[in-house]
Participant: 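Dumping the structure here so I can ask a few things about it.
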Amino acid sequence: MIKELRKHKVLFAMMVPAVVYFFLLCYLPMAGTVLAFKNYRFDKGIFLSPWAGLDNFEFFFRSGKALLVTSNTVLYNAAFIVSGLLLQLAVAIVIAEMGGRFLRKAAQSVLLFPFFLSWVVVGAIVYNLLNYDYGFLNVLLRAVGLQPIDFYSSPGWWKYILLFFHNWKYVGYNSLVYLAAIIGIDRSLYEAASIDGANVFQRIRRITLPLIVPTTVIMVLLSVGNIFRGNFDLFYQLVGSNGLLFNATDVIDTFVFRSLLSSQDIGMSAATGLYQSVVCFAVILATNALVRRVQPDYSLF
Amino acid sequence: MAVNKTGLVLLVTILFAVLLAGCGGSNNENGAASSAAASKQSASAAVASDDAAQGDKADTSKPVTLKMVLISDGAPDAKLVYEEVNKKLQQDINATVDIEFIPFADWQKAYSLKFASGEDFDLIVTATWGQFADYARKGAFKALTPELMKTYAPRTLESSKQEVLDAGTVDGQLYALPMNYREISVYGYVVRGDLMKKYGIKAIDSLDDYESYLKAVAEDGSGLVPWEATSYDNWIIPHMQLQELRDRYEMGTLGVSVDLATNQIVDASASDPQALALYKRMKTWNEKGYISKNSLVNKVSSKDSFVNGKSATFLTNLLDANATFQTVQAAHPDWDVRFYPINTSNKVVANSYMANGMAINAKSKNPERALMLLDLFKNDAWYNQTTTYGLQGKHWDRSADGKLILLPDSPNYPPDGTCPWGWRDERYYLTSKDGLPNFDEVMKSQRDRVALTKLNDFQPDLDKIKTQQAALADVASQYQAPLTLGFAKDVDKAYDELLAKRKQAGFEKLQQELQAQIDRYVAAK
Amino acid sequence: MAHYTKDRMLFNILGCAFIGLLCLLCIVPLLLILSGSLSEEEALVRHGFRLIPEHLSLAGYELVFKAPGDIVRAFGVSLFVLMAGTALGTFLTAMTSYVIGRRDFKYRNYFSFYIYFTSVFSGGLVPWYLLMVNYYHMKDNLLALILPLLMNVFYILVMKSFFASIPEAIAESGKIDGAGELRIFLTLMLPVAKPGLATIALFIGLGYWNDWSNAMLFIHDQNLVPLQYYLYNLMNKTEMLNNLAGKTGMPIPDIPKETFKLAMTVIVIAPVFFVYPFLQRFIVSGVTVGSVKG
């Protein structure tokens, strides 16, 4: 340890800001996790409030919906991860290979645009697209003589709608990571491949894809680490308080939000937060161990 | 995996250290706070004994600045108004007040963080709709002892009936000063008189009348949507049942009603033919297009939709209807907006006095002066009306018959717009001059039917049933809302499902616990 | 690449069709919002969004610029937070990820784990808020807008993977020349990592630009409110719009609430659209590693 410290003292020094930063802003507040086991009293504060045992967990697991919302959360996230990965990679590769600087830039700007719309605005757009009376899609269906679809009372559609808008919002933004990784690849490799007579598709398969695997693995691992956390704004702004759809669209975060809206119980929300953290942590430890076994360099830690 | 294991050990060590540090820190903090509190207590005891010697005279020799937290989006002239208030406050009690507005959006979060973080402020608005009793039980508010009240809020003691103070009392301790105003929520239909004339509908006195109005609009083919219901309408719809049945007192946030005669909770887990009939009616309305198909998801409120001429009706309370009337009157006087109350013959239960109130933060450094300020705001006409309506002569004025006239500057300090609700008082509250023509009449007819119930100011202790409360809140949003707006395809089945889910969520336990509390409360009264 | 080979043609056709379709899906909502912001309120409420406004109206924008003082100030706050935060954040992120990416640094895994762990576990809002307000004194402090977004696990790990793709020979050559660690990082590694840096800077910058929740928690002084929070307030509070009507002397029913919301959205997005192309230069053009030029 001391030897290493002496050898890399500059590197250690360079780590100091990050260590201090995460300690002050993330680790210190973690002590607040005890709230999950407390019956919080305002006059006593976090540590002196009386213990509540596991009472705070009761509402979530006794609700009869713990399984449903947990599996919804995981399944939606898994679908987001897989579809997102494919789309983002495709976009990054195509843009990187595209000729014409102007076209490239324009395409990127346009794809990035949805990222700037808050979910509130996206919710309004979706509503204007899908509502029964004058929504675009239904106007279109009526125009071609088909029956309009009442999307907002048909839970079956929402898997696809949510998947679509999630990807729509993030594809431009997340593909930037892959794009930067591709552009970081040594050009000389491509030159050499060209000389060897490789075509575009072969170059992509043999050079681009293998070289961005580390970035890809990190991106996937990072999303897997949060697989038990639902994107609250997405689900809340698109579905809202429409009870007809809940069985198909409820994730842990929206369920907890609705249940605790009136009581604002600090202990109970801390308890579900802890539940999410613990399962996320278990999943990420397992995934990381797996990655480490296959290729140690790609693992997160 | 070796690294992981060491990593874990490292982490646990860090966490442990953090925890210790945190505990230590907070122990010290709390220790300091409590010793400070103790010394303050002895100080105030000293003050009190001084006071006793001087004959109930409060000590205001030191100038202080009080911080008051209100829930409102503020108003452009709020600063101006409170500058005037502060000038007078300085003379009267040698204090000034600083207002912090918590915005309406997400106010629950900001409100609970204020207490959770132990922030330094003196006064805060509280109410039954803001979990007053829950906060009081969790130690958020300073207990207002009889001694404190006698010394620092003598005028309030004089002007408030015992039942007013009882409403601010939780487990035998006074924690807040409720408003001195018996509020009645009058729910009803807002409709357009020009359309009623066109369709030959004289008045809307029943669900059937309302149905024929909706039907006429729907069949007119003018493109007007009959009713773009949104969440607030959804909340009011169950009141439409009231007409046909019983005298009940609703405990709003819990979704529980109590029979007025017997003080027994009406078992919502049992099937109720009246409720079922209402849901069936709503379903036909939905099918026939009387209610917009988008009602569960509308992004524009039903009121905006009405004001913008898209829809022909919405449900709301009398005060909001009055405001809507004034709004529309300016742009479309030909619409002849009218309001008809839903409840025309049954008993009316007034809201708790704690429907609005003011409390003092348990951690306030100047609770005495804060209490003196409340005493002024509640019992001095100038303070009360200035904070409610703005500066007289600039924002508002009083008509010859004692009604409120809004002046052109009023939108910069809208009446009742900056959360002065906590110190509202019968003596100073004005009705507006240019409101709904039938405002007074409706109000009077409701007040004439007010039924007294001991449960008006009952504050249930939710701690033991918070699990059930959360589960029931979820059930209501998932299963109740579609039923009330007529979206369920098979009403009988959906209703059975609602009952089953409610049972599963622990309604029975909630009912037993609440009933026990109610029985104890009624017996004690 | 002067002439197109067959595979190149095929790739271009497929690629263009793919990207073109995606672009279309992204551009239509943009047009909807633009058209909505230029519509009359009544038409918008009655008929919803249209691609082409039924009746052109600038009422939404007029309302914004009738009280321009607040917006200009909010814009200034946002700009300051963005510039300070992005500069510092990008540098610290790069420095941290460089160290944990160094293969010869024995403790890099501990540090990685130390950082990564914070993204899985969090203490929740209450303790965090308590620390920020009572111990770090962040109330009405611009640092409250900068600090929470300064460093992010995601960016650090992504940046680490960029550094990993840079040949170690570059650092080696620096060492042979006798440069210290800090100099190797500053003068050799940073320039080579430009596409990554630009991407991270863009991410951090966007984070700052889009953030309103920290302002909601910590900022009460009207002079310190950033643009997004100002927008958030307007979007959520009809009450505030009524006040604005008072300020601008408009009667209340005439406030174009919905078009105003859309106009505000356009106003927040517009600056990004003008600035983005400049940043793109770094991201798209890339940097050639080694001596062979592409």
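This structure is a prediction, so every number in the text was calculated from the model and none was measured. Throughout, a chain's letter reflects where its sequence line sits, starting with A, and its residues are numbered from 1.
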Participant: Are there more than 12 heavy atoms of other residues, nucleotides or ligands under 6.0 Å from atom CH2 of W107(B)?
Facilitator: yes
Participant: Is atom CG of L146(A) surrounded by more than 12 heavy atoms (other residues, nucleotides or ligands) closer than 6.0 Å?
Facilitator: yes
Participant: For T254(A), enumerate each residue passing the side chain to side chain donor-acceptor pair (under 3.5 Å) test, keeping only those at least two apart in sequence or located in another chain.
Facilitator: D250(A)
Participant: Who among G123(A), S259(A), G64(A) has the most heavy-atom pairs with chain B under 4.5 Å?
Facilitator: S259(A)
Participant: Checking K466(B) against N56(A): is there a side-chain donor and acceptor pair closer than 3.5 Å?
Facilitator: yes
Participant: Does anything in residues 266-277 of chain A reach chain B? List residues with heavy atoms under 4.5 Å apart, or say none.
Facilitator: I266(A), M268(A)
Participant: How long is the gap from CG on L485(B) to OG on S153(A), to the nearest 0.5 Å?
Facilitator: 12.0 Å
Participant: So, D265(A) and K138(B), do they make that salt bridge, N to O below 4.0 Å?
Facilitator: yes
Participant: Where do V297(B) and Y127(A) land on the side-chain contact (heavy atoms from CB on, under 4.5 Å) test, with the steps shown first?
Facilitator: CA-CA 8 Å; V297(B) 286; Y127(A) 176 70; 3.9 Å; yes
Participant: For the CG atom of D43(A) and the CZ atom of F115(B), what is their distance to the nearest 0.5 Å?
Facilitator: 11.0 Å
Participant: Where on A116(B) is there a heavy atom nearer than 4.5 Å to chain A: the side chain, the backbone, both, or neither?
Facilitator: both
Participant: Which pair of heavy atoms, one from T467(B) and one from F59(A), lies closest together, and at what distance?
Facilitator: CG2-CA, 3.3 Å
Participant: With a 4.5 angstrom heavy-atom cut-off, which part of V239(A) approaches chain B: side chain, backbone, both or neither?
Facilitator: backbone
Participant: Below 30° counts as parallel, above 60° as perpendicular, anything between as tilted: where do the rings of F42(A) and Y135(B) land?
Facilitator: parallel
Participant: Using non-hydrogen atoms only, which part of D150(A) is less than 4.5 Å away from chain B: side chain, backbone, both, or neither?
Facilitator: side chain
Participant: Between D474(B) and K65(A), does any side-chain N to carboxylate O distance fall below 4.0 Å?
Facilitator: yes
Participant: Quick one: pull up CG in L245(A) and CD in Q478(B) and give me the separation to the nearest 0.5 Å.
Facilitator: 9.5 Å
Participant: Can you tell me how far CZ of F257(A) sits from OG of S477(B), rounded to the nearest 0.5 angstrom?
Facilitator: 10.5 Å
Participant: Please classify the contact of F60(A) with chain B as side chain, backbone, both or neither, using a heavy-atom distance under 4.5 Å.
Facilitator: neither
Participant: Which answer fits K489(B), side chain, backbone, both or neither, if we ask what part of it has an atom under 4.5 Å from a heavy atom of chain A?
Facilitator: side chain
Participant: Return the minimal non-hydrogen interatomic distance between Y132(A) and N294(B), and the atom names on each side.
Facilitator: N-OD1, 3.2 Å
Participant: Mind ranking A471(B), A473(B), A470(B) by heavy-atom pairs under 4.5 Å with chain A and telling me who comes out on top?
Facilitator: A470(B)
Participant: Measure from the side-chain N and O atoms of R41(A) to the backbone N and O of R137(B), and report whether any donor-acceptor pair falls under 3.5 Å.
Facilitator: yes
Participant: Under a 4.5 Å heavy-atom cut-off, does chain B meet the side chain of L260(A), its backbone, both or neither?
Facilitator: side chain
Participant: Can you tell me which portion of D463(B) sits under 4.5 Å from chain A's heavy atoms? Options are side chain, backbone, both or neither.
Facilitator: side chain
Participant: Please classify the contact between N247(A) and chain B as side chain, backbone, both or neither, with a heavy-atom cut-off of under 4.5 Å.
Facilitator: both
